[in-house]
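Here the structure is a predicted model, which means the values were calculated and not measured. The figures here come from the full heavy-atom set of this structure, side chains too, leaving out hydrogens, waters and symmetry mates.
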Amino acid sequence: MKQEEKDDVLQVIESLKYFNKQYRDAYYDFKNGKNAKIRKEGSRVMENASGMIDYWLKSNEIVLKIASGGEKPEGFDRRGYFISVFSKYNLEKEIKDIIKKLEELLSDDTTEL
């Protein structure tokens, strides 16, 4: 993998970590907020964070390939894949798994894409 590609993937990893933390914190407020205003704000921040996660997952072909499960047959709609896979309840775990796979990819210089 070229250094420029590695740098791009690193940028995506950092962004995913940031927005995943933002999502996790907002999810707590959404589920446990003491009043409707706190819960509503938590929901709004969750929506924003999940939108940014979606953007970063789709921003790079290498990341998109990892995030959507690796090799898929020709014509597979990788971008549409996320609509059916991620939900409020499993997003945080799924993103952690994707980040782990991306970090493993970067640590293995012999990986061919």
Side-chain donor-acceptor distances from residues 7-20 under 3.5 Å, at least two apart:
unit_1 : atom_1 : unit_2 : atom_2 : d
D7     : OD1    : Q3     : NE2    : 2.9
S15    : OG     : Q11    : O      : 3.0
K17    : NZ     : E103   : OE2    : 3.0
N20    : ND2    : E92    : O      : 3.4

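Here the CD1-CZ distance, from I95 to R24, works out to 12.5 Å after rounding to the nearest 0.5 Å. Here the straight-line distance linking atom CZ of R39 with atom NZ of K34 works out to 12.0 Å at 0.5 Å rounding. Between L57 atom CG and I98 atom CD1 the span is 5.0 Å, to the nearest 0.5 Å. Separating the OH atom in Y23 from the CG atom in L91 is a distance of 5.0 Å, to the nearest 0.5 Å. Atoms CD1 and OG, on I38 and S43 in that order, are 14.0 Å from each other to the nearest 0.5 Å. To the nearest 0.5 Å, atom CG of residue L102 and atom NZ of residue K65 are 12.5 Å apart.
Hydrophobic clustering (ILVMFWY, side-chain heavy atoms < 4.5 Å, transitive): M52 and V45 are in distinct clusters.
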### Task
Before giving the answer on salt bridge (charged side-chain N to carboxylate O under 4.0 Å, His left out), spell out for K101 and D97 the whole-Å C-alpha distance, their side-chain angles and the decisive distance to 0.1 Å.
CA-CA 6 Å; K101 289 176 186 176; D97 291 345; over 6 Å; no
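Nearest heavy-atom pair, E41 versus R44, reported as atom, atom and distance to 0.1 Å: OE2-NH2, 2.6 Å. The minimum heavy-atom distance linking G42 with A26 is given by the pair O-CB, 3.4 Å.
Applying the side chain to side chain contact (heavy atoms under 4.5 Å, CB included) test to N32 and every residue at least two apart in sequence or in another chain returns Y28.
Below 30°, between 30° and 60°, or above 60°: for F30 and Y27 the angle between ring planes is between 30° and 60°, a tilted geometry.
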